[in-house]
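Notes to accompany the following structure.
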Amino acid sequence: MLDFDKVKSKYVKYPDKSDFIPLVSDDGELIFYYLDEAGLQKAEYLTFSLGVTATFIQKEKKEILALLESFGGDVDYVTETDADGEELPDDDESDILTASYDDAPVIKLVNQIIIYSVKSGASDIHFEGRDASFLIRIRVDGRLNTLRSYPKAVHEQILARIKVIGQLDVAESRRSQDGRINLKIGNRTIDIRVSTMPSINGEKAVLRILERSSDFTSLETIGFVGEVYDKFKPYLDRPNGIILVTGPTGSGKTTTLYASLLAMNRDNKNVVTIEDPVEYHMDNVTQVQMNASVGLTFASAIRTFLRQDPDVILVGEVRDNDTAEAAIQASLTGHLVLSTLHTNDSPTAVARLIEMDVEPFLISSSLLIVIGQRLVRKVCTSCATTVKIDPFMKTKIAEVGLTIETHQKGTGCAECYDTGYRGRVGVFELLEITDSIRHMINKRASAFEIRQEARNNGFKTMLEYGIYLVEQGITTPEEVLAVTQVE
């Protein structure tokens with residue numbers, strides 16, 4: 001009879017378990033899922049060493065990792081590692097997991113919340129006090145939902161635990177603090193940014209979840225389809241110039257930049273990035289973390305990059321005049337620069353740069369294309385059904401000359417937690433800097449005038465692209481109108 005516990009105890013000792021995993025079939029037979037030849041060899045060796053027989057089935061990596069996450073269920077807090085992956089010595093001799101017996105339930109509770117949030121695809125976890133309770137809320141697909149409410153008595157204990165693992169001052173509760181947590185869940189490495197802030201109901205903590213992953217999303221997956229993809233892709237092959245992605249915080253700008261890098265042939269290019277923070281780790285790319293305390297800013301990093309023979313430079317954000325002028329200088333000296341800018345739409349980006357005291361002739365001679373974007377939730381494919389459009393929505397859409405009679409909408413199921421939506425996709429508008437628009441920029445034309453000229457050249461707004469996604473059954477009119485504006 002198969003002793004699966006013995007198999008599991010041997011399996012968990014492997015340092016890299018991302019390419020194979022053991023399972024038990026309904027008939028009690030041992031099965032190994034494996035990714036590649038290396039995974040198969042490890043699985044075969046394990047069965048040989050235990051003297052058992054097994055069936056070997058090749059699977060995709062994401063399926064193995066999904067099973068691996070639920071295999072152990074423990075959060076493993078880790079310290080910084082050196083280039084060889086060896087654990088660096090910690091100046092603080094105390095282990096962050098060290099706690100008394102009485103504290104164990106709080107440790108377990110915080111671990112469970114983090115594990116559940118990561119597996120649910122949450123981007124943020126909010127720990128916040130109320131007058132008579134303590135709430136935990138998570139943001140999934142851009143929507144903040146209450147996970148659970150606890151008695152007020154656990155407030156301070158949970159905040160103290162978060163401060164310990166975030167390496168913050170536990171005794172300080174009168175000012176805001178920032179920290180970070182590195183941890184592993186299954187075989188996934190997660191970075192968490194911790195922010196605490198005092199309030200009248202006690203301290204509030206927000207954990208921003210960033211997954212360090214080499215599995216990136218393609219342009220097509222994030223929403224670049226059809227005409228939008230065909231227009232944008234050629235710009236990634238340009239030898240120089242600036243590509244800007246605009247939108248508010250949390251609209252997926254960084255993901256778009258990394259999807260753009262993924263679409264490039266990076267083997268024969270020197271790609272360097274300066275970010276705050278480095279959200280994704282990518283092969284064949286030199287990534288730099290901004291550190292203002294030592295003078296490593298976006299602008300100074302760009303100037304350093306120019307002495308490193310770069311082909312493509314990714315700048316996390318154009319925040320000020322120094323960064324804007326450094327990025328423009330890089331583009332004018334023969335480099336392709338990708339960056340983000342906080343504006344409401346793509347035509348406003350030009351006005352924003354002029355407000356930063358950047359000369360219009362520098363903008364017109366360096367800017368290639370500006371992408372405006374938002375994120376909308378996707379209809380859950382497991383419970384999607386065809387419905388008639390709401391009369392109010394139909395009227396609003398008709399104001400821009402578009403007509404929709406029916407669309408797809410999720411009814412709610414276990415797969416989407418009864419929301420009717422699962423996942424998100426981008427809604428885009430592409431402002432190509434043509435000769436006529438360059439002429440207008442030099443004359444300091446307003447964003448409205450630039451938009452009108454772009455419309456004459458075939459420019460389509462985010463609303464129009466969103467309605468196209470509705471027609472394709474990807475999202476709903478309510479989602480599109482919630483994040484775009486009717487002109």
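Quick note: residue numbers are just sequence positions, from 1.
S251 and Q373 form no side-chain donor-acceptor contact under 3.5 Å, judged by distance and modelled atom types alone. Side-chain N/O atoms of S346 and E429 include a donor and acceptor closer than 3.5 Å. A donor-acceptor pair shorter than 3.5 Å can be found between the side chains of T273 and E275. Remark: the Q58 side chain and the Y33 side chain contain no N/O donor-acceptor pair separated by less than 3.5 Å. Residues S117 and S120 have side chains that never bring a donor and an acceptor to within less than 3.5 angstrom of each other.
For the atom pair CD1 (I165) and CD1 (I192), the distance works out to 7.0 Å, reported to the nearest 0.5 Å. The CD1 atom of I302 sits 6.5 Å away from the CD1 atom of I313 when rounded to the nearest 0.5 Å. Atom CG of N284 and atom NZ of K269 lie 12.5 Å apart (nearest 0.5 Å). Considering CD of E203 and OG of S199, their distance stands at 8.5 Å, rounded to 0.5 Å. Here Q452 contributes atom CD and N457 contributes atom CG; the two are 11.5 Å apart, rounded to the nearest 0.5 Å. Note that CZ of R193 is 5.5 Å distant from CG of L210, once rounded to the nearest 0.5 Å.
Ring centroids of F428 and F224 are separated by less than 6.0 Å, placing the two rings close together.
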Side chain to side chain contact (heavy atoms under 4.5 Å, CB included) for L338 and V315? Distances and angles first, verdict last. CA-CA 6 Å; L338 287 73; V315 183; over 6 Å; no
So D276 and R319, salt bridge (Lys or Arg N to Asp or Glu O under 4.0 Å) or not? Walk me through it. CA-CA 12 Å; D276 181 30; R319 295 177 176 173; 3.3 Å; yes
Run the side chain to side chain contact (heavy atoms under 4.5 Å, CB included) test on V285 and V312 for me, step by step, so that the C-alpha distance in whole Å, both residues' side-chain angles and the decisive distance to 0.1 Å come before the verdict. CA-CA 10 Å; V285 174; V312 180; over 6 Å; no
Carefully, step by step, assess I107 and R161 under the rule side chain to side chain contact (heavy atoms under 4.5 Å, CB included). CA-CA 7 Å; I107 294 173; R161 174 60 184 165; 3.7 Å; yes
Should L257 and T340 be marked as a side chain to side chain contact (heavy atoms under 4.5 Å, CB included) after you check the CA-CA gap, both sets of side-chain angles, and the distance that decides it? CA-CA 8 Å; L257 291 182; T340 69; 3.4 Å; yes
Does the salt bridge (Lys or Arg N to Asp or Glu O under 4.0 Å) test come out yes or no for E432 and R238, once each step is laid out? CA-CA 14 Å; E432 298 180 273; R238 295 286 188 95; over 6 Å; no
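Of the possible donor and acceptor atoms, one in the side chain of T419 sits under 3.5 Å from a partner among the backbone N and O of Y421. Judged purely by atom type and a 3.5 angstrom limit, Q289 uses its side chain to pair as donor or acceptor with the backbone of V278. Of the possible polar contacts, none joining the S366 side chain to the L332 backbone as a donor-acceptor pair under 3.5 Å is found. Between the side chain of H335 and the backbone N or O of A330, at least one donor-acceptor pair lies under 3.5 Å. Checking side-chain atoms of S133 against main-chain N and O of G129 turns up no donor-acceptor pair under 3.5 Å. Proximity of a side-chain donor or acceptor of E220 to a complementary backbone N or O of V225 within less than 3.5 Å is not detected. In terms of modelled atom types and a separation under 3.5 Å, the side chain of R438 and the main chain of I433 share a donor-acceptor contact. Side chain of N321 to backbone of M356: a donor-acceptor contact under 3.5 angstrom is found. Judged purely by atom type and a 3.5 angstrom limit, K152 uses its side chain to pair as donor or acceptor with the backbone of R130.
Counted within 6.0 Å of CD on E60, heavy atoms from surrounding residues, nucleotides or ligands total 12 or fewer; the atom is thus considered open. More than 12 heavy atoms of other residues, nucleotides or ligands lie within 6.0 Å of NZ in K163, so this atom counts as buried by the packing criterion. Other residues, nucleotides and ligands contribute over 12 non-hydrogen atoms within 6.0 Å of the CG atom of N240.
Across all non-hydrogen atoms, the minimal contact from I274 to T297 is CG1-O, 4.4 Å. Closest approach of R424 to G250, counting heavy atoms only: NH1-O, 4.2 Å. The heavy-atom pair separating T221 from V425 by the smallest distance is O-CG2, 4.2 Å. Residues A324 and V318 come closest through the heavy atom pair CB-CG1, 3.7 Å.
In this structure, the side chain to side chain contact (heavy atoms under 4.5 Å, CB included) partners of D320, at least two apart in sequence or on a different chain, are D322, T323.
For K443 and E449, the salt-bridge test fails: no basic side-chain N is under 4.0 Å from an acidic carboxylate O. Under 4.0 Å is where a charged nitrogen must lie from a carboxylate oxygen, and between D36 and K59 no such pair does. A salt bridge is defined here as a Lys NZ or Arg NE, NH1 or NH2 lying under 4.0 Å from an Asp or Glu carboxylate O, and R451 with D345 meets this definition. Using a 4.0 Å cut-off between charged nitrogen and carboxylate oxygen, E464 and R455 count as a salt-bridge pair. Taking the charged nitrogens against the carboxylate oxygens, E317 and K253 have no contact shorter than 4.0 Å, which rules out a salt bridge.
For K460 and Y465, the positive end is not near the middle of the six-membered ring at less than 6.0 Å and at most 45° from its axis.
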When the side chains of residues 378-388 are checked against the rest of the protein, which donor-acceptor pairs come out under 3.5 Å, sequence neighbours left out?
{"unit_1": "T386", "atom_1": "OG1", "unit_2": "Q408", "atom_2": "NE2", "d": "2.7"}

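No side-chain heavy atom of T406 sits less than 4.5 Å from a side-chain heavy atom of I389.
The only option from D124, I113, I125 that meets the side chain to side chain contact (heavy atoms under 4.5 Å, CB included) definition with L207 turns out to be I125.
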